[in-house]
Student: 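Here you go, one structure.
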Amino acid sequence: MKVSCPFCGNVCDDINFDGEVEREKLCPLGESKLTREKKRIPYPMVEGERVSYDEAIERAVEILLNAKRPLLYGWASTVNEAIRLGVILAEKVGGVYDTTSSVCHGPSILATIEEGLPGGTLGQAKNRADVVVFWGCNPAEAHPRHPTRYSVMVKGFLVEGRRLRKTVVVDIRKTATALLSSKFYMIKPNSDFAILTALRSIINGNDSAVPNEVGGLSKSQLREFAELLLSAKYGVIFFGMGATHTRGQDRNVEALIKLVQTLNRHTRYILQPMRGHFNVTGADAVACWEAGYGYAIDFSRGYPRFNPTEFSAVQLLRRRDCDAMLVVGSDPVAHFPFDVVRHMAKIPVIQIDPHYNLTTKVANVVIPSAISGIEAEGTVYRMDGVPVRLKKFRESEFWSDYEILKAMLERVVERKGGDVVW
Amino acid sequence: MEFTLVTARTMEQGMFVEDKLSEDYFKATACCEMNPEDMNALGLKDGDRVRVTTQYGSVVLYVKRSVLDVPRGVVMIPLGIYANRILPSESGTGTPIYKNVRCRVEKTDEEVLSIEEIVREVVG
C-alpha cells in the first residue's frame, strides 16, 4: 500500500509500504523519519517518576486548571483531529493557543491577513509553471523531494520538465537549491524588501525610480530579473524563512504578495510559502475554523483575541505572562531564543511527544504519544492546504495525541462544565 | 572579526531533529559554516573551534569550511539550541529575528558544550 511521509510540508504520499517501508522513494529526511530508530519517551512521567497514562493526564489537567493563563503550544506535528481538541482545550482553560508558525511563517500569515494570498496548489506549480522562483528558501535541504515532485525536474502537463522551465533562486548564500537553478541572484542580507520594491517599480514601468544598485543587484540585473519574471506563461514564487526571519518580516512577505499581484496584471503567478512541519498548515487552518485566527490566540477573556506581538509563545514567555505550558509535538527548549527558555524552566510544563527531546528535560509531566502518520492516523494539510489522509501502518503501545487530548478535555469539561461536540 | 550571523535549516539538522540526544544531532548543530577566505583570515581550519558572540550571548562552536558559498562576512549556524543561545527574542511581529544578527567570531581553544551542558546553561 501507499503511505505518506509525516516529516515536511511536502507530505509525499507515494511511499510504498509492504510490511516495511520501501526506501527507494524516501529523501534523507523521510528515511530518517520512517526508518531510523530514535530515543522514545518510554512511559508517562510526573517529575521524572513513572506513572500511568491516567495519573499523568490527571496531573496535566490539574496544572492547566490551576493556571491563570496556560500556554498551549506546538501542534505542527500532529493531525487535525488532535489539533481541534487542542484549540477547544485552550478555550476551556482560558489559555493561549499558539503554533510553531509563530517562530517561522507567522509573518507570512500577518501579510496574508493584510493582502490576501494569491495562492495555488503544488499540482498547479508542477503542471503549469514555466518560471519557478525560490526566494529565501532551500528545498534541496528542507523539502528534498520538492524539486523532483513539484518544481524543478518534474514533468508537468504543460511544461515538460527542467529544459522548458526557468528556475531562479534568490538568497544571501549559494544554497544547494541554487545549484539546481538556471539563475541565481545573491543578494545582501536584509535587502529583500528593497529588491522586491525595485522589481515592482520596473514591472510597473517606473524604471527611472530605481537606483543603480539595490541589495547587491545592479540595475541591469534587476531589469533582467523583471524580464525573466514577465516571460512566464505561468509563474510560481516559493518563499521561506529568508523572507520571514529577516528585517522587514511581514513587510517582506507583503512585498512578495504585491509583486505577485503586479505580475498578475501581465501574466499568471501564484505564491506559496514553504511550510516546514508536515502539518503546520493544519495547526493554523484548524485554529482558523475553530476560533477565527491561526495562531497566537488568547482565550483568557472567554473569547478569542489575536495579537502575535502579545500572545505568540516567545513573547508570552518573554514577558513571563504565562504560568503553565502544554507542549504538543514540538521542542521549544531547542528552538526558542535562550532567554525565554529560562521562564519555561520556572513554570510547570506538560509535554506530549513521541520522542525524547530537550523540552523533556524541563517538563514536569511527560506523556508519550504514538507517532502521527506512522502509529496513528488522521488528516493533515500539505503546505498548499491540500488535505492528505495519513494512515496508521505500525502498531504502538502508546496512545495517540487525539486519545490523550480527548481524555484531558473530558476531565476539564467534567470539572468546569459546558460540553464539546466530539 | 565582525560577521553577519544567519541560521538555516540543513539536511543533517533535519535528519536528526527527532533524535536530539544523539551524537549525530550534536555534530549537526554545534557548528557553523564560514567562507574559506574568512577562515584563512582568522587562521582557522576545518574542525577548529570558534567563539561566536552577539550582544545577546556567546557560544563555542566547531567551524566548517562552507561546502557551497557562504559569502565573506557571513557565518551560518544550523537551527537549534546552539544558535538560539545567542539570538534575541524581542520582535515587532512576535516572530524572533533568526537571521542577519551582527556577531563577532574569534578562534578559541575552549571546549564546545555538550547537548546536556548547553541545556543546563540555557535553562540556568
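Treat the numbers as computed from the prediction; the structure is a model and nothing was measured. Order of the sequence lines fixes the chain letters, A, B, ..., with proteins taken first and strands second; residue numbering starts at 1 for each chain. Quick note: numbers below take in every heavy atom, side chains included, and nothing from hydrogens, waters or symmetry partners.
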Student: Give the interface residues of residues 1-8 of chain B toward chain A, defined by a heavy-atom separation under 4.5 Å.
Tutor: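 B/T4, B/V6, B/A8, listed by number.
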Student: In terms of heavy-atom proximity below 4.5 Å to chain B, should A/S77 be classed as side chain, backbone, both, or neither?
Tutor: neither
Student: So which heavy atom on A/G106 is nearest to which on B/T95, and how close?
Tutor: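 Looking at all heavy atoms of both residues, the shortest contact is CA-OG1, 4.0 Å.
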Student: Out of the candidates A/H355, A/K38, A/R36, only one should pair with B/D19 under the side-chain hydrogen bond (donor to acceptor under 3.5 Å, both in side chains) rule; please name it.
Tutor: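 Running side-chain hydrogen bond (donor to acceptor under 3.5 Å, both in side chains) over A/H355, A/K38, A/R36 with B/D19 returns exactly one hit, A/R36.
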Student: Relative to chain B, which segment of A/P144 carries a heavy atom at a distance below 4.5 Å: side chain, backbone, both, or neither?
Tutor: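 When you check distances to chain B, only side chain atoms of A/P144 fall under 4.5 Å.
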Student: Of all the residues in residues 63-88 of chain B, which have a heavy atom that comes within less than 4.5 Å of a heavy atom in chain A?
Tutor: B/L68, B/D69, B/V70, B/P71, B/V74, B/M76, B/G80, B/I81, B/N84, B/R85, B/I86, B/L87, B/P88
Student: For A/V314 versus B/G94, what's the shortest heavy-atom pair and its separation?
Tutor: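 Looking at all heavy atoms of both residues, the closest pair is CB-O, 4.4 Å.
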Student: Any side-chain donor paired with an acceptor under 3.5 Å for B/T93 and A/D250?
Tutor: no
Student: For B/Y56 versus A/F338, what's the shortest heavy-atom pair and its separation?
Tutor: O-CZ, 3.0 Å
Student: Minimum heavy-atom separation for B/M11 and A/A140, please, with both atom names.
Tutor: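 Taking B/M11 first and A/A140 second, the nearest heavy atoms are CE-O, 3.4 Å.
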Student: Under a 4.5 Å heavy-atom cut-off, does chain B meet the side chain of A/C27, its backbone, both or neither?
Tutor: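 Neither the backbone nor the side chain of A/C27 comes within 4.5 Å of chain B.
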Student: If I measure from the heavy atoms of chain A, does B/L21 come under 4.5 Å with its side chain, its backbone, both, or neither?
Tutor: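 B/L21 touches chain A through side-chain heavy atoms alone.
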Student: Assess whether atom CZ of A/R145 is packed by more than 12 heavy atoms of other residues, nucleotides or ligands within 6.0 Å.
Tutor: yes
Student: Does B/D109 CG have over 12 foreign heavy atoms under 6.0 Å away?
Tutor: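 Count not over threshold, so no.
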Student: Is it true that a side-chain atom of A/Q315 and a backbone atom of B/P96 form a donor plus acceptor pair closer than 3.5 Å?
Tutor: no
Student: Out of B/M15, B/R9, B/Q13, return the one with the most heavy atom pairs under 4.5 angstrom to chain A.
Tutor: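 Going by pairs under 4.5 Å, I would pick B/M15.
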Student: Do A/D192 and B/K99 meet the salt-bridge criterion of a basic N to acidic O distance under 4.0 Å?
Tutor: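 Answer for the salt bridge query: no.
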Student: A/A334 versus chain B, heavy atoms under 4.5 Å apart: side chain, backbone, both or neither?
Tutor: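 Contact with chain B: backbone and side chain both.
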Student: Could you give me the CA-CA distance, side-chain angles and deciding distance for A/T359 and B/K20, then say whether side chain to side chain contact (heavy atoms under 4.5 Å, CB included) is met?
Tutor: CA-CA 10 Å; A/T359 298; B/K20 291 217 175 72; over 6 Å; no
Student: With only heavy atoms counted, which part of A/E37 is less than 4.5 Å from chain B, the side chain, the backbone, both or neither?
Tutor: backbone
Student: Counting only non-hydrogen atoms closer than 4.5 Å, does A/M344 touch chain B with its backbone (N, CA, C, O), its side chain (CB onward), both, or neither?
Tutor: neither
Student: Where does A/L316 contact chain B at under 4.5 Å (heavy atoms): side chain, backbone, both or neither?
Tutor: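 Answer is neither: A/L316 stays 4.5 Å or more from chain B.
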Student: Please state whether the side chain, the backbone, both or neither of B/S22 comes within less than 4.5 Å of a heavy atom of chain A.
Tutor: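 B/S22 touches chain A through side-chain heavy atoms alone.
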Student: In terms of heavy-atom proximity below 4.5 Å to chain A, should B/E90 be classed as side chain, backbone, both, or neither?
Tutor: both
Student: Is B/V101 in contact with chain A via its backbone, its side chain, both, or neither, using a 4.5 Å heavy-atom distance?
Tutor: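 The answer is neither part of B/V101.
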Student: If you take all heavy atoms of B/E121 and A/R342, which pair is closest and at what distance?
Tutor: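 B/E121 and A/R342 have their closest heavy atoms at O-NH2, 2.9 Å.
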Student: Testing the basics here: between A/F7 and B/G14, what is the closest heavy-atom pair and its distance to 0.1 Å?
Tutor: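 That closest heavy-atom pairing would be CZ-O, 3.3 Å.
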Student: Got more than 12 heavy atoms from elsewhere within 6.0 Å of CZ, B/R102?
Tutor: yes
Student: Roughly how far, to the nearest 0.5 Å, is NZ of A/K361 from CZ of B/R120?
Tutor: 8.5 Å
Student: Could you look at B/V119 and say if it's the side chain, the backbone, both or neither that has a heavy atom under 4.5 Å from chain A?
Tutor: side chain
